[in-house]
Amino acid sequence: MTQKRISQGVAHKLPLDLRTALSVAPLALAAWEDITPLARNEWICWVEDAKKEETRKKRIARTRSELIEGMRRPCCWPGCIHR
């Protein structure tokens with residue numbers, strides 16, 4: 001079975017848990033593909049910056065819902081230091 005290609009960030013590769021969350025939410029995936037690579041990088045870095053697994057899961061859920069709502073970058077995030 002072939003997986004559909006989902007765009008990456010600039011400095012970060014799309015982690016499997018975030019990929020899965022996006023792939024089962026067509027509206028979130030469409031929004032993900034519509035944002036810039038730098039914006040995708042911000043979302044990925046924000047998710048990966050979580051210290052606890054519980055926080056990471058919340059951030060993944062929030063990424064999905066906020067993309068659906070039209071947000072293009074994580075709110076209140078100073079930005080990825082890796083670019």
Side-chain angles (χ1 to χ4, degrees):
M1 177 175 223
T2 325
Q3 271 191 328
K4 181 182 182 225
R5 185 183 178 292
I6 300 177
S7 299
Q8 306 284 323
V10 174
H12 298 285
K13 292 191 179 213
L14 186 63
L16 183 59
D17 51 358
L18 182 54
R19 170 187 294 277
T20 301
L22 292 171
S23 66
V24 298
L27 292 175
L29 182 57
W32 180 262
E33 293 298 335
D34 188 52
I35 60 177
T36 67
L38 281 176
R40 289 191 295 267
N41 197 68
E42 297 294 323
W43 287 109
I44 295 168
C45 189
W46 180 64
V47 166
E48 291 187 333
D49 190 56
K51 307 286 187 277
K52 298 179 181 178
E53 186 62 28
E54 175 185 338
T55 304
R56 183 180 178 102
K57 288 178 182 179
K58 286 180 183 178
R59 288 185 181 183
I60 288 172
R62 193 169 144 195
T63 297
R64 187 177 50 220
S65 66
E66 289 184 359
L67 283 168
I68 291 169
E69 292 170 6
M71 291 187 66
R72 301 185 71 76
R73 294 189 187 237
C75 175
C76 309
W77 172 246
C80 176
I81 61 169
H82 305 102
R83 56 180 170 121

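As the structure is a computational prediction, the values presented were derived from the model and not from experiment. Heavy atoms only: backbone and side chains are in, while hydrogens, waters and symmetry mates are out.
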Chemist: When rounded to the nearest 0.5 angstrom, what distance separates CD1 in Ile68 from CG in Leu29?
Modeler: 10.0 Å
Chemist: Which atom pair, heavy atoms only, marks the closest approach of Arg73 to Thr36?
Modeler: NH2-OG1, 3.9 Å
Chemist: Could you report the tightest heavy-atom contact between Ile44 and Gly9, atom names first, then the distance?
Modeler: CD1-N, 3.7 Å
Chemist: Name the residue from His12, Arg62, Arg59 that meets the side-chain contact (heavy atoms from CB on, under 4.5 Å) definition with Val47.
Modeler: Arg59
Chemist: Between Ile35 and Ile6, is there shared hydrophobic-cluster membership here, with clusters defined by ILVMFWY side-chain heavy atoms closer than 4.5 Å?
Modeler: yes
Chemist: Could you walk me through whether Leu22 and Trp43 pass the side chain to side chain contact (heavy atoms under 4.5 Å, CB included) check?
Modeler: CA-CA 12 Å; Leu22 292 171; Trp43 287 109; over 6 Å; no
Chemist: Thinking salt bridges, do Asp34 and Arg72 make one under a 4.0 Å N-O criterion?
Modeler: yes
Chemist: Quick one: does Glu33's side chain have a donor or acceptor within less than 3.5 Å of a partner on Ser7's backbone?
Modeler: yes
Chemist: What are the two closest non-hydrogen atoms of Ala50 and Thr55, and how far apart are they?
Modeler: CB-CG2, 3.8 Å
Chemist: Between Ser23 (side chain only) and Arg19 (backbone N and O only), is there a donor and an acceptor less than 3.5 Å apart?
Modeler: yes
Chemist: To the nearest 0.5 Å, tell me how far Arg40 CZ sits from Thr63 OG1.
Modeler: 13.5 Å
Chemist: Looking at every heavy atom in both Glu48 and Arg56, which two are closest together, and how far apart are they?
Modeler: CA-NH1, 3.7 Å
Chemist: With sequence neighbours excluded, what pairs up with Arg64 under the side chain to side chain donor-acceptor pair (under 3.5 Å) test?
Modeler: none
Chemist: Output all residues satisfying side chain to side chain donor-acceptor pair (under 3.5 Å) with Lys58, sequence neighbours left out; order by chain, then residue number.
Modeler: Glu54
